[in-house]
Amino acid sequence: MTATSEATGRKLTAKGLATRERIVRAAAELIYEHGAQNTSNEQIREAAGVSGSQLTRHFPTKESLVRAVLAWQADSIVARQQAPELGELDSFAALRRWADSCIASQDMLCGGCTFGSLAAEVVKTEPSHRGAVAEGFERWQGLFKRGLSKMRERGELRPEADPAALAHLLAAAFQGGALLDQAAGESSPLRDALYGALAYIESLAAER
(Lines give C-alpha, C1' and ligand atoms only; values in the text may rest on other atoms or scores of the structure.)
Protein backbone atom coordinates (compact mmCIF):
# COMPACT_ATOMS: atom_id res chain seq x y z
CA MET A 1 0.00 0.00 0.00
CA THR A 2 1.26 3.50 -0.81
CA ALA A 3 -0.09 6.77 0.51
CA THR A 4 0.96 10.38 0.63
CA SER A 5 0.74 13.02 3.32
CA GLU A 6 -2.27 15.31 2.97
CA ALA A 7 -0.09 18.23 4.07
CA THR A 8 3.13 17.69 2.08
CA GLY A 9 2.11 15.39 -0.75
CA ARG A 10 5.14 13.20 -0.01
CA LYS A 11 5.09 9.42 0.05
CA LEU A 12 4.72 8.12 3.59
CA THR A 13 7.20 5.83 5.29
CA ALA A 14 6.08 2.59 6.90
CA LYS A 15 5.98 4.38 10.25
CA GLY A 16 3.99 7.23 8.73
CA LEU A 17 1.52 4.79 7.19
CA ALA A 18 1.02 3.09 10.56
CA THR A 19 0.38 6.44 12.24
CA ARG A 20 -2.06 7.47 9.52
CA GLU A 21 -3.93 4.16 9.82
CA ARG A 22 -4.13 4.55 13.59
CA ILE A 23 -5.58 8.05 13.24
CA VAL A 24 -8.17 6.95 10.66
CA ARG A 25 -9.26 3.94 12.71
CA ALA A 26 -9.63 6.02 15.87
CA ALA A 27 -11.52 8.72 13.99
CA ALA A 28 -13.83 6.17 12.38
CA GLU A 29 -14.81 4.71 15.75
CA LEU A 30 -15.38 8.11 17.36
CA ILE A 31 -17.30 9.49 14.39
CA TYR A 32 -19.55 6.43 14.28
CA GLU A 33 -20.30 6.82 17.98
CA HIS A 34 -20.65 10.62 18.16
CA GLY A 35 -21.01 11.88 14.58
CA ALA A 36 -18.49 13.90 12.58
CA GLN A 37 -19.74 17.24 13.87
CA ASN A 38 -19.43 16.15 17.51
CA THR A 39 -15.97 14.57 17.23
CA SER A 40 -13.10 16.91 18.09
CA ASN A 41 -9.43 16.81 17.13
CA GLU A 42 -8.60 16.46 20.82
CA GLN A 43 -10.70 13.29 21.09
CA ILE A 44 -9.07 11.85 17.98
CA ARG A 45 -5.55 12.68 19.18
CA GLU A 46 -6.18 11.03 22.54
CA ALA A 47 -7.77 7.90 21.04
CA ALA A 48 -5.03 7.51 18.42
CA GLY A 49 -2.18 8.37 20.79
CA VAL A 50 -0.73 11.07 18.52
CA SER A 51 0.30 14.68 18.95
CA GLY A 52 -1.41 17.67 17.43
CA SER A 53 1.43 18.12 14.95
CA GLN A 54 1.18 14.47 13.86
CA LEU A 55 -2.54 14.82 13.28
CA THR A 56 -2.08 18.03 11.30
CA ARG A 57 0.77 16.55 9.29
CA HIS A 58 -1.44 13.75 8.04
CA PHE A 59 -4.75 15.60 7.97
CA PRO A 60 -4.45 19.39 7.89
CA THR A 61 -8.23 19.84 7.92
CA LYS A 62 -11.20 18.05 9.44
CA GLU A 63 -12.57 17.62 5.91
CA SER A 64 -9.49 15.70 4.77
CA LEU A 65 -9.82 13.34 7.75
CA VAL A 66 -13.52 12.74 7.11
CA ARG A 67 -12.73 11.90 3.47
CA ALA A 68 -10.10 9.42 4.64
CA VAL A 69 -12.60 7.82 7.04
CA LEU A 70 -15.18 7.51 4.25
CA ALA A 71 -12.59 5.83 1.99
CA TRP A 72 -11.46 3.51 4.79
CA GLN A 73 -15.02 2.47 5.59
CA ALA A 74 -15.78 1.86 1.90
CA ASP A 75 -12.62 -0.27 1.65
CA SER A 76 -13.79 -2.27 4.66
CA ILE A 77 -17.22 -2.93 3.15
CA VAL A 78 -15.74 -4.03 -0.17
CA ALA A 79 -13.19 -6.27 1.56
CA ARG A 80 -15.87 -7.97 3.67
CA GLN A 81 -17.96 -8.66 0.59
CA GLN A 82 -14.98 -10.14 -1.25
CA ALA A 83 -14.44 -12.79 1.42
CA PRO A 84 -13.43 -16.14 -0.13
CA GLU A 85 -16.54 -17.92 1.11
CA LEU A 86 -18.75 -15.47 -0.79
CA GLY A 87 -16.95 -15.86 -4.10
CA GLU A 88 -17.92 -13.19 -6.62
CA LEU A 89 -21.53 -12.91 -5.49
CA ASP A 90 -22.50 -14.49 -8.79
CA SER A 91 -24.95 -17.18 -7.67
CA PHE A 92 -28.14 -17.37 -5.65
CA ALA A 93 -26.28 -19.40 -3.03
CA ALA A 94 -23.51 -16.79 -2.76
CA LEU A 95 -26.04 -13.98 -2.35
CA ARG A 96 -27.77 -15.98 0.38
CA ARG A 97 -24.42 -16.50 2.16
CA TRP A 98 -23.77 -12.76 1.89
CA ALA A 99 -27.14 -11.96 3.48
CA ASP A 100 -26.55 -14.48 6.27
CA SER A 101 -23.09 -13.00 6.98
CA CYS A 102 -24.56 -9.48 7.17
CA ILE A 103 -27.23 -10.62 9.61
CA ALA A 104 -24.68 -12.44 11.74
CA SER A 105 -22.47 -9.34 11.81
CA GLN A 106 -25.37 -7.18 12.98
CA ASP A 107 -26.13 -9.71 15.72
CA MET A 108 -22.55 -9.42 16.96
CA LEU A 109 -22.09 -5.66 16.52
CA CYS A 110 -25.59 -4.46 17.45
CA GLY A 111 -25.09 -1.43 15.20
CA GLY A 112 -25.82 -0.03 11.79
CA CYS A 113 -23.65 0.39 8.73
CA THR A 114 -20.68 2.58 9.60
CA PHE A 115 -20.27 3.90 6.06
CA GLY A 116 -23.99 4.54 5.62
CA SER A 117 -24.26 6.36 8.96
CA LEU A 118 -21.42 8.75 8.14
CA ALA A 119 -22.60 9.16 4.55
CA ALA A 120 -26.07 10.18 5.72
CA GLU A 121 -24.57 12.83 8.00
CA VAL A 122 -22.00 14.40 5.71
CA VAL A 123 -24.06 14.65 2.52
CA LYS A 124 -26.33 17.02 4.44
CA THR A 125 -23.75 19.00 6.38
CA GLU A 126 -20.75 18.87 4.00
CA PRO A 127 -21.84 18.75 0.34
CA SER A 128 -18.15 18.65 -0.67
CA HIS A 129 -18.07 15.02 0.51
CA ARG A 130 -20.85 13.96 -1.85
CA GLY A 131 -18.36 12.65 -4.42
CA ALA A 132 -16.57 10.45 -1.87
CA VAL A 133 -19.90 9.08 -0.65
CA ALA A 134 -21.09 8.35 -4.18
CA GLU A 135 -17.81 6.63 -5.05
CA GLY A 136 -18.03 4.41 -1.98
CA PHE A 137 -21.55 3.30 -2.78
CA GLU A 138 -20.68 2.75 -6.44
CA ARG A 139 -17.75 0.49 -5.52
CA TRP A 140 -19.96 -1.51 -3.17
CA GLN A 141 -22.88 -1.84 -5.57
CA GLY A 142 -20.45 -2.66 -8.38
CA LEU A 143 -19.73 -6.00 -6.70
CA PHE A 144 -23.42 -6.92 -6.88
CA LYS A 145 -23.79 -5.62 -10.41
CA ARG A 146 -20.86 -7.70 -11.70
CA GLY A 147 -22.10 -10.86 -10.01
CA LEU A 148 -25.68 -10.41 -11.19
CA SER A 149 -24.49 -9.63 -14.73
CA LYS A 150 -22.62 -12.93 -14.78
CA MET A 151 -25.74 -14.74 -13.62
CA ARG A 152 -27.76 -13.19 -16.44
CA GLU A 153 -25.05 -13.97 -19.00
CA ARG A 154 -25.06 -17.62 -17.88
CA GLY A 155 -28.83 -17.76 -18.26
CA GLU A 156 -29.53 -18.07 -14.54
CA LEU A 157 -31.48 -14.80 -14.50
CA ARG A 158 -34.09 -13.86 -17.07
CA PRO A 159 -32.98 -11.40 -19.79
CA GLU A 160 -35.20 -8.63 -18.40
CA ALA A 161 -33.44 -8.73 -15.01
CA ASP A 162 -31.53 -5.44 -14.58
CA PRO A 163 -28.26 -5.98 -12.64
CA ALA A 164 -27.90 -2.28 -11.83
CA ALA A 165 -31.43 -2.02 -10.45
CA LEU A 166 -31.03 -5.22 -8.45
CA ALA A 167 -27.73 -3.94 -7.04
CA HIS A 168 -29.56 -0.81 -5.86
CA LEU A 169 -32.20 -3.05 -4.27
CA LEU A 170 -29.65 -5.07 -2.31
CA ALA A 171 -27.77 -2.00 -1.11
CA ALA A 172 -30.98 -0.23 -0.10
CA ALA A 173 -32.26 -3.33 1.71
CA PHE A 174 -29.03 -3.51 3.68
CA GLN A 175 -28.88 0.20 4.51
CA GLY A 176 -32.52 0.45 5.51
CA GLY A 177 -32.48 -2.81 7.42
CA ALA A 178 -29.31 -1.84 9.28
CA LEU A 179 -30.84 1.48 10.34
CA LEU A 180 -34.00 -0.24 11.59
CA ASP A 181 -31.84 -2.79 13.41
CA GLN A 182 -29.99 0.00 15.15
CA ALA A 183 -33.24 1.61 16.25
CA ALA A 184 -34.81 -1.67 17.41
CA GLY A 185 -31.67 -3.15 18.96
CA GLU A 186 -32.08 -6.47 17.17
CA SER A 187 -31.57 -7.91 13.71
CA SER A 188 -34.99 -8.99 12.49
CA PRO A 189 -35.56 -5.84 10.34
CA LEU A 190 -32.33 -6.46 8.43
CA ARG A 191 -33.14 -10.15 8.07
CA ASP A 192 -36.59 -9.35 6.69
CA ALA A 193 -35.26 -6.68 4.30
CA LEU A 194 -32.45 -8.83 2.89
CA TYR A 195 -34.48 -12.01 2.56
CA GLY A 196 -37.26 -10.03 0.90
CA ALA A 197 -34.80 -8.57 -1.63
CA LEU A 198 -33.35 -12.03 -2.29
CA ALA A 199 -36.81 -13.50 -2.76
CA TYR A 200 -37.51 -10.92 -5.45
CA ILE A 201 -34.20 -11.64 -7.21
CA GLU A 202 -34.88 -15.38 -7.02
CA SER A 203 -38.29 -14.76 -8.63
CA LEU A 204 -36.35 -13.57 -11.69
CA ALA A 205 -34.59 -16.92 -12.09
CA ALA A 206 -34.73 -18.28 -15.61
CA GLU A 207 -36.83 -21.36 -16.10
CA ARG A 208 -34.84 -24.54 -16.60
Side-chain angles (χ1 to χ4, degrees), residues 1-12 16-41 43-45 47-48 50 54-83 88-89 98 102 105 111-149 162-180 182 193 197:
M1 173 183 177
T2 61
T4 58
S5 165
E6 290 276 353
T8 66
R10 296 177 180 173
K11 183 177 177 181
L12 295 175
L17 279 172
T19 300
R20 184 184 189 279
E21 177 79 3
R22 197 163 68 250
I23 292 170
V24 173
R25 283 180 176 273
E29 292 177 4
L30 287 168
I31 287 173
Y32 181 60
E33 183 176 354
H34 304 294
Q37 295 296 314
N38 296 321
T39 299
S40 67
N41 285 351
Q43 290 173 309
I44 295 169
R45 286 196 290 104
V50 298
Q54 285 178 304
L55 178 60
T56 302
R57 186 181 309 125
H58 289 281
F59 302 104
T61 65
K62 181 74 168 290
E63 290 73 21
S64 62
L65 178 54
V66 170
R67 284 196 301 272
V69 170
L70 282 166
W72 182 79
Q73 290 175 338
D75 287 343
S76 298
I77 289 175
V78 170
R80 285 197 300 272
Q81 295 187 170
Q82 290 180 316
E88 296 187 21
L89 297 174
W98 165 77
C102 290
S105 295
C113 172
T114 55
F115 180 79
S117 296
L118 179 55
E121 177 186 358
V122 301
V123 293
K124 297 178 184 176
T125 60
E126 296 291 341
S128 61
H129 293 311
R130 191 179 299 274
V133 170
E135 181 183 359
F137 278 123
E138 286 172 6
R139 289 178 57 204
W140 178 31
Q141 292 174 84
L143 298 176
F144 296 128
K145 185 178 177 180
R146 285 193 294 275
L148 292 162
S149 294
D162 183 344
L166 296 178
H168 291 156
L169 173 65
L170 288 169
F174 177 82
Q175 289 295 324
L179 177 59
L180 292 173
Q182 193 172 19

Return the minimal non-hydrogen interatomic distance between [X] and [Y], and the atom names on each side.
X      : Y      : result
Leu70  : Ala132 : CD1-CB, 4.0 Å
Ala36  : Ile31  : N-CG2, 3.7 Å
Phe144 : Ala171 : CE1-N, 4.4 Å
Gly177 : Ala193 : CA-CB, 4.3 Å
Glu63  : His129 : O-CE1, 3.3 Å
Thr39  : Gly35  : OG1-O, 2.7 Å

Measure the [atom1]-[atom2] distance between [X] and [Y] for me, rounded to the nearest 0.5 Å.
X      : Y      : atom1 : atom2 : value
Lys62  : Arg67  : NZ    : CZ    : 13.0 Å
Glu21  : Trp72  : CD    : CH2   : 7.0 Å
Arg22  : Arg25  : CZ    : CZ    : 11.5 Å
Leu170 : Leu148 : CG    : CG    : 6.5 Å
Gln54  : Ile23  : CD    : CD1   : 6.5 Å
Leu65  : Arg20  : CG    : CZ    : 9.0 Å

### Message
Going by side-chain contact (heavy atoms from CB on, under 4.5 Å), Val50 matches just one of Thr56, Thr19, Ile44. Which one?
### Response
Thr19
### Task
Say whether, by atom type as modelled, one donor and one acceptor occur between the side chain of Lys145 and the main chain of Asp162 under 3.5 angstrom.
no
### Task
Start with the C-alpha distance between Trp140 and Gln175, add both sets of side-chain angles, then the distance that settles side-chain contact (heavy atoms from CB on, under 4.5 Å), and finish with yes or no.
CA-CA 12 Å; Trp140 178 31; Gln175 289 295 324; 3.3 Å; yes
### Task
Report yes if some heavy atom in the side chain of Arg146 is under 4.5 Å from a heavy atom in the side chain of Leu143; otherwise report no.
yes
### Task
Applying side-chain contact (heavy atoms from CB on, under 4.5 Å), run through Gln43 and Glu33 and close with a yes or a no.
CA-CA 12 Å; Gln43 290 173 309; Glu33 183 176 354; over 6 Å; no
### Query
For the residue pair Phe174 and Trp98, does the interplanar ring angle fall in the parallel (under 30°), tilted (30 to 60°) or perpendicular (over 60°) class?
tilted
